[in-house]
Every structure is written in C-alpha cells, then in structure tokens.
Amino acid sequence: MPPRPPSAAPPPPASGFVTDVSRLLGGFRWAFMPLGLLALVAVGVHAAADTLDDRLVWLVDRADATFDAWVGASDFTASWVEWVSLETRTRIARGLALAWELAADLVLALPALGYREATAPRPAEAWRAALEAREAETPSWRALWTRCLRKPTPMRWLRPLATAAVVVAGACAVARLLQGTVYLSWRELMGDRIADVAARVLALGALGGVLGTLGWRAVLRNLQHADAACASERGSRAFTRGLLGCVVVVPLAVAAALDASPLLSFLR
C-alpha cells in the first residue's frame with residue numbers, strides 16, 4: 001500500500017471578541033498610557049493644592065495685616081487700609097493656589113508625556129522589564145537608583161519622591177470618588193452596612209489598581225526625566241539643575257502625603 005499522507009495540522013482556534021478588542025486597545029498603549037500618567041499626577045496635584053487653600057488665605061491675611069499696619073502709620077496713606085477687602089484677599093489666595101498647581105503640573109505631569117514602555121519578554125511582567133531593562137534601552141530602576149546613590153542631586157531624589165506622594169494622593173481621590181458613588185447608589189438597595197463594606201472593598205481595589213498600573217510608572221518616568229536632566233550637566237550645575245522646580249513641588253508633596261492621602265480611612 002502507498003504511504004498514507006500526513007494529516008493536515010488543525011487550524012488555530014479563533015480568538016474571541018474580548019481578545020480581539022484587547023489586542024486592538026493594546027496597540028494604542030503608546031497614547032493612553034502617557035495620558036493616564038498625566039491625568040493621575042494632575043489629580044494628585046489638585047488634591048494637594050486643595051488642602052493648601054486655607055493656609056494661603058492665612059498668608060494673604062498676614063501680608064494684608066502687615067500692609068495695613070504700615071500704611072496706617074501715616075495720615076496720608078491711612079485711607080489705603082481698606083484697599084484690600086476680604087473678597088479680594090480670597091481671590092488672591094485662589095489665584096496663588098491655581099498658579100502653584102499649574103506650576104507643579106508643568107514640573108511633574110508634563111514629563112509623563114514622554115513615557116515609553118520597554119519591550120518585555122512576557123507582557124504580564126512589565127515591572128520586570130522596567131527593573132531589568134537593557135542598557136541600550138531606557139535606563140532601568142536599578143541603574144537609575146544606582147546613579148542616585150553615586151551621584152546624588154536634589155532633582156534626582158526630590159522629583160520621584162514628590163511624584164510618589166502626588167500619585168498616592170491622586171489614587172486616593174479616585175478611590176474616594178468610587179467609594180462615595182457606590183455607597184450612595186447601593187445603600188437603599190442593600191442597606192447601609194453592606195453598601196459600606198462593598199464600597200470600601202471596591203475603593204481599596206481601585207486604589208491598588210491605579211497604583212499598580214499607573215502609579216509606579218509615573219514615579220519611574222519622573223526619575224528617568226530627572227536623571228537625564230542631571231546627566232546633561234557637569235559639575236555643580238548638575239547639583240543645581242531643577243532646584244526651582246523642586247521648591248515648587250516639595251510643599252505640595254508634603255501636603256499630599258499629610259493631608260490628601262487618607263489611606264487608613266478606607267479601613268476604618
């Protein structure tokens with residue numbers, strides 16, 4: 001008998017609708033990942049700036065009191081005492097807060113638009129690709145932190161730390177929004193206790209999801225940006241590079257860590 005021809009290989013299984021959509025959206029990661037990082041940092045900066053409104057009003061009031069004492073000492077300028085009203089002082093404080101927030105966005109959020117992902121051996125281990133990136137590609141976590149230890153500069157240390165504080169505040173803002181929405185929507189249907197527990201669980205899931213997908217990438221991107229900026233300078237200029245931006249973002253980062261990141265509130 002003639003030899004039997006080998007059977008044809010079975011066709012590969014057709015991919016499902018969800019897989020096709022996932023692959024389609026994955027092709028646009030180069031666009032929505034930087035925008036997601038930008039949005040997260042902007043939300044965190046806004047949350048931190050909101051906590052500084054009262055302090056800015058207090059500073060404007062103290063400055064106005066000093067001005068009133070100075071102009072009130074002379075009869076010629078005594079009429080200027082009431083020149084700055086309470087409404088004007090409030091507007092000045094709001095303008096300062098807005099200008100501060102926009103300046104912090106320029107320093108921390110704009111570098112996120114330059115985020116590019118390294119090619120990972122397995123898509124599920126993007127964090128490993130960031131940790132062990134090739135030297136020819138974007139610097140890895142390990143290489144960046146090594147340079148931070150060997151060549152420390154304010155920009156290399158303060159920018160990523162400020163970004164970390166801000167992204168935690170932004171993630172907390174997202175989680176609080178989800179918690180409030182779920183609780184108010186479900187409490188009439190499931191009762192206060194069940195709605196409260198479900199809202200807290202979903203809020204914790206959102207908090208972890210935002211930090212796990214966007215938070216660490218925002219910190220990495222600002223660390224890369226700070227490292228590249230300092231590496232482009234030599235001598236003392238590398239140490240002073242970005243000092244003005246650090247002065248702008250450090251107070252907001254402190255406010256974000258102390259007042260805008262209620263992590264324990266999701267567990268109480």
Side-chain angles (χ1 to χ4, degrees), residues 16-26 28-29 31-57 90 93-94 97-98 100-102 104-105 108-109 112 115 123-127 161-222 249 251-268:
F17 174 76
V18 176
T19 304
D20 293 339
V21 172
S22 177
R23 290 175 179 173
L24 176 64
L25 295 178
F28 293 93
R29 286 178 64 88
F32 67 75
M33 283 300 295
L35 292 178
L37 302 183
L38 175 70
L40 177 60
V41 174
V43 170
V45 169
H46 179 71
D50 277 348
T51 66
L52 297 176
D53 286 344
D54 294 339
R55 296 175 176 87
L56 289 176
V57 170
T90 303
R94 289 178 178 175
L98 178 60
W100 198 354
E101 181 179 343
L102 292 177
D105 285 335
L108 295 181
Y115 176 81
E125 296 183 355
W127 63 272
L161 292 176
T163 306
V166 165
V167 298
V168 171
C172 286
V174 174
R176 287 199 306 269
L177 177 62
L178 177 63
Q179 181 181 9
T181 302
V182 171
Y183 175 74
L184 293 177
S185 301
W186 291 8
R187 66 175 181 175
E188 293 184 1
L189 179 64
M190 301 182 177
D192 287 344
R193 186 171 182 179
I194 297 178
D196 179 60
V197 173
R200 290 177 187 274
V201 171
L202 291 176
L204 287 172
L207 178 66
V210 170
L211 293 178
T213 56
L214 298 176
W216 69 270
R217 287 181 167 91
V219 177
L220 173 63
R221 176 55 197 146
N222 269 279
V249 301
L252 278 174
V254 174
L258 297 180
D259 300 328
S261 302
L263 296 174
L264 297 180
S265 66
F266 300 108
L267 302 175
R268 294 172 183 172

- Task: Find the distance between CG (D259) and CG (L252) and round it off to the nearest 0.5 Å.
- Result: 11.5 Å
- Note on the structure: Nearest heavy-atom contact between P34 and A112 is CB-O, 3.5 Å
- Item | Euclidean distance, T213 OG1 relative to L37 CG, rounded to 0.5 Å | 9.0 Å
- Message: Just to verify, which of L263, V168, V174 counts as forming a side-chain contact (heavy atoms from CB on, under 4.5 Å) with L207?
- Response: L263
- Query: Which heavy atom of A255 sits nearest a heavy atom of T51, and at what distance?
  - Reply: CB-OG1, 3.6 Å
- Task: Measure the CE-OH distance between M33 and Y115 for me, rounded to the nearest 0.5 Å.
- Result: 5.0 Å
- Query: Measuring from L161:CG to N222:CG, what's the distance to the nearest 0.5 Å?
  - Reply: 11.0 Å
- Note on the structure: Exactly one of L178, T181, V197 clears side-chain contact (heavy atoms from CB on, under 4.5 Å) with L202, and that residue is L178
- Query: Taking R187 for the side chain and I194 for the main chain, is one N or O donor matched with an acceptor at less than 3.5 Å?
  - Reply: no
- Query: Between CG of D196 and CH2 of W186, what distance do you get to the nearest 0.5 Å?
  - Reply: 12.5 Å
- Check A171 against V210 and note the closest heavy-atom contact, atom names and distance. CB-CG1, 3.9 Å
- Query: How close do V167 and A218 get, heavy atom to heavy atom, and via which atoms?
  - Reply: CG1-CB, 3.8 Å
- Go through the steps for F266 and R176 under the test side chain to side chain contact (heavy atoms under 4.5 Å, CB included), then give the verdict. CA-CA 8 Å; F266 300 108; R176 287 199 306 269; 3.8 Å; yes
- Minimal heavy-atom distance between S261 and A256, with the atoms involved, is OG-O, 2.6 Å
- Task: Can you measure from CG (L52) to CD (E101) and round to the nearest 0.5 angstrom?
- Result: 10.0 Å
- With W100, the side-chain contact (heavy atoms from CB on, under 4.5 Å) member among V45, L56, V249: L56
- Are any side-chain N or O atoms of S185 and backbone N or O atoms of V182, one a donor and one an acceptor, separated by less than 3.5 Å? no
- Provide the closest heavy-atom pair for A260 versus C172 in the form atom of the first, atom of the second, distance. O-CB, 4.1 Å
